[in-house]
Amino acid sequence: MYARPLIDSLDFARNGRRISGEVPITELSRLQDVLDNPQGVLSYTVHGGLDKRGDCFLDVEVAGRCQLRCQRCLQGLDYPVQLHARLMLRDQTSLDALDDEEDEFDSILAEAQLDVLSLLEEEILLSLPIAPKHELGACQAADGKNLLGEESSPFAVLAKLKRN
Ligand SMILES: [Zn+2]
């Protein structure tokens with residue numbers, strides 16, 4: 001079982017601490033719905049600090065590759081994950097009062113036992129395309145044949161059927 005790292009988020013930020021590691025994608029359960037398969041490993045770094053105003057933040061970096069599902073051919077699509085995000089740590093009261101529109105960075109609740117992997121999951125989910133697709137003409141049919149743009153239209157398929 002992979003050990004899920006927990007950090008005391010405010011303490012982590014005030015002391016400028018850093019945690020990094022690699023996580024198998026199989027451990028990121030919330031990603032499984034959007035992935036074609038759970039192959040791969042992502043590397044991550046979370047670095048805490050204080051900004052000029054003395055507010056605590058976490059800088060999150062994730063890099064690696066995952067397998068999304070192409071929305072055109074439903075086959076696996078190799079997708080590079082490369083994300084950098086700054087998350088401000090706030091208590092519940094200031095989160096409730098916050099106007100998202102005006103804030104330069106996203107904010108999260110400053111938990112005393114912040115689950116680093118669920119933080120990464122959340123950020124990765126936000127960074128993924130909603131409808132990933134292979135480049136035009138690069139889709140693969142289930143039998144391995146290249147599906148060209150014209151052929152994949154229902155009319156082209158119908159015309160083909162009639163000819164046979
Ligand atoms: Zn495709």
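Treat the numbers as computed from the prediction; the structure is a model and nothing was measured. Note that ligands are numbered from 1 as they come in the structure, with each ligand's atoms numbered from 1 the same way.
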- Give, for atom CG of Leu77 and atom CZ of Arg72, the distance between the pair rounded to the nearest 0.5 Å.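 CZ of Arg72 is found 10.0 Å from CG of Leu77.
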
### Task
Kindly compute the distance separating CZ (Arg69) from CG (Asp33), expressed to the nearest 0.5 Å.
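Arg69 CZ to Asp33 CG: 9.5 Å, rounded to 0.5 Å.
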
Under the salt bridge (charged side-chain N to carboxylate O under 4.0 Å, His left out) rule, collect the residues that match up with Asp115, sequence neighbours excluded.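 Per chain and number, Asp115 pairs via salt bridge (charged side-chain N to carboxylate O under 4.0 Å, His left out) with Arg4.
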
- Just by modelled atom types, is the Ile25 backbone N or O under 3.5 Å from a matching donor or acceptor in the Gln32 side chain? yes

I'd like to check the side chain to side chain contact (heavy atoms under 4.5 Å, CB included) partners of Val41; sequence neighbours left out, ordered by chain and number.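 Counting only residues at least two positions away or on another chain, Val41 forms a side chain to side chain contact (heavy atoms under 4.5 Å, CB included) with Glu22.
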
Protein-side N, O or S atoms sitting under 2.8 Å from the Zn ion (ligand 1) are Cys70 SG, Cys73 SG, His134 ND1, Cys139 SG

Using atom types as modelled, flag every donor-acceptor pair under 3.5 Å from a side chain in residues 79-89 to any protein atom, sequence neighbours excluded.
residue, atom, partner, partner atom, Å
Arg86, NE, Asp59, OD1, 2.8
Arg86, NH2, Asp59, OD2, 2.9

